[in-house]
Amino acid sequence: MTRYAPNEIEAKWQKAWDDAGLFKAVRDTSRPKYYVLEMFPYPSGRIHIGHVRNYTMGDVVARFKAANGFNVLHPMGFDAFGMPAENAAMASGGHPKEWTYNNIDDMVAQMKPMGFSLDWERMFATCDPEYYGQQQALFLDFLEAGLVYRKNAVVNWDPVDMTVLANEQVIDGKGWRSGADVERRELTQWFFKISDMAGELLDALEGLENWPAKVRLMQENWIGRSRGLQFAFSTVDAPDGHDRIEVYTTRPDTLMGASFVGISPDHPLAKVLERDNPDIAAFCAEARKGGTTAEAIEKAEKLGFDTGITCRHPFDTSLELPVYIANFILMDYGTGAIFGCPAHDERDHEFAKKYGLPIKAVFVPEGELPGDPDDFVQDAALVAPKDVEARYVLGFAGEEIQTGTQAIETAIDFCEANGVGQGVTKYRLRDWGLSRQRYWGCPIPVVHCDSCGVVPEKKENLPVQLPDDVSFDVPGNPLDRHPTWRDVPCPNCGKPAQRETDTMDTFVDSSWYFARFTAPRADTPTVMEDAEYWMNVDQYIGGIEHAILHLLYSRFFARGMQITGHLPEKSKEPFNALFTQGMVTHAIFQTRDANGRPVYHYPEDVELRDGKGFLKDGTEVEIIPSAKMSKSKNNVVDPMQIIESYGADTARWFVLSDSPPERDVEWTAAGAEAAFKHLGRVHRIVSEIAASDGDGTGDEELLREMHKAIHDVTMGIESFGFNAAIARLYGFTNTLAKSKAGAAAKKQAAKALAQLMQPMTPHLSEDLWAALGLEGLCAAADWPKADEAMLVDDVVTLPIQVNGKRRAEIDVPKDMDKAEVEKRALAHDAVQRALDGAAPKKVIVVPGRIVNVVA
RNA sequence: GCGGGCGUGAUGGAAUGGUAGACAUAUCGGACUUAAAAUCCGAAGGGCGCAAGCCCGUGUGGGUUCGAGUCCCACCGCCCGUACCA
């Protein structure tokens with residue numbers, strides 16, 4: 001009998017699959033297709049255990065569907081543009097292109113030994129000119145279709161390095177390299193008109209039944225539909241052209257509690273005022289300091305500046321509301337101006353307290369005794385849920401007692417009837433800014449001409465290729481300072497003109513790669529026959545961190561591609577089912593350098609004793625538990641060691657064991673050896689069975705267990721309960737090992753075991769398949785079917801509770817009627833003892849599950 | 001700050017509102033062995049008890065229910081996202 005030797009068998013079976021062309025996806029309209037896709041990786045250079053987990057899950061689905069008769073498309077590529085390549089070039093002087101392609105080669109070399117059922121012939125990287133050229137074609141079609149436009153938007157500006165920074169490069173409001181205070185600065189940028197589709201993208205979420213509810217909810221909140229009132233305050237003492245301030249509010253019912261008007265530092269009125277008033281200019285300059293992230297803006301201390309201008313209240317013209325410039329009001333949302341009602345909004349409340357503004361209650365909780373209503377809201381804002389009834393003491397429309405929702409609707413109706421603004425529906429979703437002032441991205445294919453303006457590049461001139469001769473020794477975009485690349489004739493008039501030097505956001509690259517996989521070498525973005533056959537993605541698998549942006553942008557892009565004729569109608573929603581797997585986390589080991597800055601240590605350099613970590617020289621390290629694996633924190637675990645020591649099947653089995661796929665897992669290497677031992681045990685058990693013959697006892701029992709295992713494992717895989725499927729396979733292996741059944745029955749059970757394990761441990765399964773003398777490849781065999789008749793037991797064990805505490809159990813025939821079950825339960829000694837002579841008040845019998853006696 | 005999620009033995013985790021801890025890891029005990037490895041068998045949430053058994057127990061505090069890890073409310077902790085990380 002041979003020993004389990006993964007390093008010998010794995011390469012052999014991979015070659016056998018290749019020779020049989022098992023994973024090559026070929027359009028075949030006579031068979032149902034299944035498209036399974038894992039979110040493609042960024043080519044960092046090393047695969048990490050999170051990748052292994054992600055691709056193993058996808059591979060289980062792909063192999064399972066193939067065994068169930070589907071024509072499977074399971075491709076892989078690389079999300080290859082982006083900042084890390086430029087950072088590497090800056091740090092070590094190489095070229096982003098070289099760095100990226102070397103990394104891709106390394107990662108492919110690490111992924112191939114895993115035995116994934118991927119069609120490698122379809123592989124591409126988004127930095128291939130063949131890919132990004134087609135992306136430029138899509139951009140031009142989107143431009144023509146009115147889905148792209150230019151406008152001003154703010155970026156993080158590093159005034160020392162004179163360059164735009166990514167949010168990630170702004171640390172505590174300072175540039176990561178220069179340490180200078182970052183400013184918000186406006187640039188003209190390209191935008192996708194995703195906000196035009198906000199309502200549609202929101203409404204369509206309802207149809208995504210096979211997406212996690214939490215992802216749909218996150219997208220719903222992100223798109224953020226709100227019904228509100230837009231109206232104008234008339235101003236007093238404002239500069240010319242600003243006699244009105246448009247505001248938008250979702251709580252028009254609180255209008256009578258308004259005590260101030262707030263405008264964004266980027267509001268047109270603020271910009272006029274700062275020109276003549278140095279104090280206002282100073283305030284606005286201060287407010288514009290720091291990064292552009294919503295988090296930074298929201299967490300900053302709320303500050304305001306009284307402009308001296310006032311507004312008249314539309315319903316009580318004796319009221320004059322001061323106009324403040326406030327640092328927490330975003331120009332991007334609504335009209336960039338609000339009215340503040342401190343009594344019913346926590347942020348406004350804080351603001352009013354700080355600047356001594358009045359706090360007037362508009363409503364009080366329903367049922368409150370009369371008193372001074374304002375007393376309710378002096379210490380904290382009263383923010384009542386919209387569906388709860390309240391008593392309006394300063395209402396101006398509708399009943400005195402009404403819910404927030406009713407009050408809002410009646411307030412809008414009243415305002416419209418009285419010519420004070422109108423009800424509008426707004427969305428929180430902003431347009432998608434795609435311009436990046438960076439080299440390593442897809443060039444935006446337009447030309448700026450002095451005579452013709454912005455001119456699209458001609459499609460026959462695509463791809464607009466990135467120049468190779470660039471350097472990264474100074475900050476800024478190398479395309480901007482390239483001596484010749486910018487200079488091109490205008491595609492329209494032929495006069496000298498300049499290329500756009502902005503490149504595209506890498507989210508654009510990942511917003512249509514799934515469609516490109518259906519025809520990866522075509523000289524158009526997609527080919528309709530292929531898209532018709534292979535789309536949609538039947539199962540998409542990736543990290544929860546992409547729940548909003550990537551998935552929302554992809555949904556937008558699919559719509560855009562449908563409008564521009566690159567995808568069929570059915571692909572508006574490109575992902576039929578989504579599964580979001582949890583992240584793999586690992587403790588961070590850190591010490592501090594002389595300046596108190598953290599120094600991170602690799603897990604393999606740290607020895608753990610009694611829950612404390614020590615370096616080789618004995619220094620104790622601080623352990624930060626459970627953080628997302630990140631290259632910059634040195635807490636990435638390399639799976640190659642496991643693959644080299646134990647083989648791919650052990651790594652695959654191990655990453656699927658124990659943890660539910662959707663949950664985060666804390667990585668420990670302790671279980672890898674145990675997984676290897678188990679596979680060795682399966683190998684030994686099945687090898688022995690293959691060599692055995694003769695009769696035994698308990699054939700029927702073993703086959704019943706086999707059918708139950710087939711049923712449970714099949715259900716486990718279909719519901720992404722891979723850990724449960726594996727636990728079931730452990731159980732079935734134990735049953736098989738202990739069984740005294742005859743050789744024929746055991747061989748039948750062993751065959752089923754090999755097949756059920758095949759999606760997880762494909763190499764081992766092929767070996768078992770061959771050892772059992774079975775024809776062909778296990779990977780090509782039809783999935784086993786459970787016999788329903790073998791799944792039900794004749795006798796069930798029922799626990800008996802008295803007052804919810806388990807006191808006994810009885811074995812009864814599975815279809816015994818309730819009255820008889822009740823009788824037997826009450827007759828039980830332990831039940832009688834628990835009742836202590838008292839008569840039961842009530843007996844609940846749940847057939848097949850439980851009996852509860854209420855004393 | 002805001003939006004979303006998670007929290008169960010020493011550890012990973014299981015459990016359509018129905019016996020909490022399946023399955024596995026680590027640990028301990030035993031068999032086999034000259035010995036070890038490998039393998040096989042067994043124990044094991046905490047407490048009390050010779051035992052039968054009893055009490056407690058799913059982050060904390062309330063609630064709904066015949067019955068709550070599961071549903072509801074509040075809180076604590078951690079994770080993800082927050083529009084230029086991918």
Side-chain angles (χ1 to χ4, degrees), chain A residues 39 41-42 44 79 81-84 155-156 164-170 189 194 212-215 217-222 224 291-300 302 328 332 346-347 428-438 505-507 509-510 543-550 552-553 580 582-583 585 625-628 630 632 657-660 662-666 668 670-671 673-675 677-678 680-681 684 721 723-724 726-731 734 737 797-801 803-809 830 833 841-844 846 848-855:
Chain A
M39 290 180 186
Y42 180 80
S44 60
D79 188 14
F81 275 134
M83 288 203 312
V155 295
N156 302 305
V164 176
L165 299 178
N167 286 336
E168 191 187 51
Q169 297 170 319
V170 179
Q189 313 228 65
I194 190 171
K214 63 179 170 187
V215 174
L217 185 58
M218 279 190 261
Q219 292 217 354
E220 186 183 323
N221 290 335
W222 184 260
T292 57
T293 65
E295 186 190 357
I297 293 166
E298 291 275 346
K299 277 188 177 168
K302 314 278 178 290
F328 56 86
D332 287 321
E346 274 162 24
R347 194 172 58 183
R428 206 186 72 100
L429 180 67
R430 308 199 298 255
D431 277 334
W432 170 13
L434 68 121
S435 296
R436 297 292 180 270
Q437 294 70 43
R438 272 187 272 281
D505 177 11
T506 56
F507 273 124
D509 311 338
S510 55
I544 185 68
E545 67 270 29
H546 295 293
I548 296 174
L549 293 181
H550 162 62
L552 189 61
Y553 291 158
T580 53
M583 279 169 311
T585 61
S626 202
K628 175 180 165 180
S630 158
S632 60
S657 303
D658 295 345
S659 289
E662 69 278 9
R663 206 186 294 183
D664 290 351
V665 285
E666 169 74 14
T668 58
E673 194 184 340
K677 277 187 194 170
H678 176 73
R681 181 165 178 250
R684 194 173 54 252
N723 57 323
I726 282 184
R728 196 63 187 77
L729 286 165
Y730 269 108
N734 289 337
T797 302
L798 289 185
I800 303 167
Q801 295 182 334
N803 290 332
K805 285 184 193 295
R806 192 187 69 88
R807 297 296 174 185
E809 54 184 43
R833 220 180 310 134
K841 286 199 188 109
K842 193 171 167 189
V843 179
I844 291 140
V846 183
R849 307 274 354 176
I850 205 167
V851 179
N852 192 11
V853 180
V854 184

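Just so we're on the same page: letters track the sequence lines, and every chain starts at 1.
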Asker: Determine the interatomic distance between C1' on B/rU65 and the same-named atom on B/rG69; round to the nearest Å.
Answerer: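 15 Å, rounded to whole Å.
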Asker: Say we look at B/rA24 and B/rA31: how far apart would their P atoms be, to the nearest angstrom?
Answerer: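 The answer is 23 Å between these two P atoms.
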Asker: Taking only N and O in the side chain of A/T506, is any of them less than 4.0 Å away from OP1 or OP2 of B/rA86?
Answerer: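 The answer is yes; a side-chain N or O of A/T506 sits under 4.0 Å from OP1 or OP2.
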Asker: Measuring from the side chain of A/P660 (C-beta onward, heavy atoms only), which nucleotide among B/rA14, B/rU39, B/rC66 has the closest atom?
Answerer: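 So the side chain of A/P660 is nearest to B/rA14.
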Asker: Could you tell me how far apart A/M39 (CE) and B/rG81 (C1') are, to the nearest whole angstrom?
Answerer: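 After rounding, the gap between these two atoms is 13 Å.
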Asker: I'd like the C1' distance from B/rG61 over to B/rG77, given in whole Å.
Answerer: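 The answer is 15 Å between these two C1' atoms.
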Asker: For the residue pair A/Y553 and A/F507, categorise the inter-ring angle as parallel (less than 30°), tilted (30 to 60°) or perpendicular (more than 60°).
Answerer: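 A/Y553 and A/F507: perpendicular rings.
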Asker: Which whole number of Å gives the distance between the C1' atom of B/rG53 and that of B/rU58?
Answerer: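 Approximately 24 Å lies between the C1' atom of B/rG53 and that of B/rU58.
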Asker: Separation of A/F507 atom CZ from B/rC85 atom P, in whole Å?
Answerer: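 So the CZ-P distance, A/F507 to B/rC85, works out to 8 Å.
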Asker: Taking the side chain of A/N723 as heavy atoms from C-beta outward, which of B/rC84, B/rA38, B/rG13 is closest to it?
Answerer: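 From the listed options, B/rG13 comes nearest.
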Asker: Suppose we call a contact any N or O donor and acceptor under 3.5 Å apart; does that hold for the side chain of A/D658 and the base of B/rG12?
Answerer: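 It does, because a donor-acceptor pair links the side chain of A/D658 to the base of B/rG12 below 3.5 Å.
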Asker: Is the closest side-chain heavy-atom distance between A/M39 and A/T580 below 4.5 Å?
Answerer: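 No - every pair of side-chain heavy atoms lies 4.5 Å or more apart.
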Asker: Given B/rA83, is OP1 or OP2 found less than 4.0 Å from the side-chain N or O atoms of A/R428?
Answerer: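 Answer is no, no contact under 4.0 Å.
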Asker: Taking the side chain of A/R806 as heavy atoms from C-beta outward, which of B/rG3, B/rU19, B/rG12 is closest to it?
Answerer: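 My answer, after comparing the listed nucleotides, is B/rU19.
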Asker: With a 4.0 Å cutoff (strictly under), does any side-chain N or O of A/K805 reach OP1 or OP2 of B/rC56?
Answerer: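 The answer is yes; a side-chain N or O of A/K805 sits under 4.0 Å from OP1 or OP2.
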